[in-house]
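Structure record follows, encoded as structure tokens.
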Amino acid sequence: MSARTAATSPAEDRGKGTERSRAARITPRASILGFVVFVAAIFAVAPARAYLDQRAQRNQLANQVSQLQEQNAVLQQQLDRLHDPAELERLARECLGMVDPGQIAFVPVPRGRAPTPPSCD
């Protein structure tokens, strides 16, 4: 082979170089755009994380509020019952061992054990 047959024309070299440079070359505009997108993504991570943390905290507080509302309803029912004179008399007799004047209170004592006080919850 001669050097002349192995060599390619300058026009062919120019065409091949253009294809190669278009595929591998990043333009300055594209590199700046990529940098801007990267920086924007970096700055978007902290607010996104804060948003997710606050949303989880809000859900937790909403659950806590519902539990406290349920407890409040139960306590309100107990308070309403305590305003009833019959309920107060029952509690005084059962829990405190009180009796009306002139009555005698009896406390049953099991054999070999101490008496167990009533549960007054």
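Remember, it's a predicted structure, so these values are computed and weren't measured experimentally.
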Review point. Got a second to check how far Glu89's CD is from Asp100's CG, nearest 0.5 Å?
Key: 6.0 Å
Check your understanding: About how many Å separate CD of Glu87 and CZ of Arg90, when rounded to the nearest 0.5 Å?
Key -> 4.0 Å
Practice item. Would you please say whether a donor-acceptor pair under 3.5 Å links the side chains of Asp80 and Gln76? Key: yes
Exercise for review: Say whether Phe35 and Phe43 are linked into one hydrophobic cluster, either directly or through other cluster members, by side-chain heavy-atom distances under 4.5 angstrom.
Suggested key: yes
Practice item. Verify the neighbour count for atom CD of Gln103: are there more than 12 heavy atoms of other residues, nucleotides or ligands below 6.0 Å? Key: yes
Check your understanding: If every non-hydrogen atom of Val99 is compared with every non-hydrogen atom of Arg93, which pair is closest and at what distance?
Key -> CA-NH1, 4.4 Å
Review point. Within a strict 4.5 Å, meaning less than it, do heavy atoms of the Asn59 and Gln54 side chains meet?
Key: no
**Study point:** Minimal non-hydrogen separation, Ser66 against Asn63, with atom names
**Key:** OG-O, 2.7 Å
Check your understanding: Quick one: are Leu91 and Leu96 in side-chain contact, heavy atoms under 4.5 Å?
Key -> no
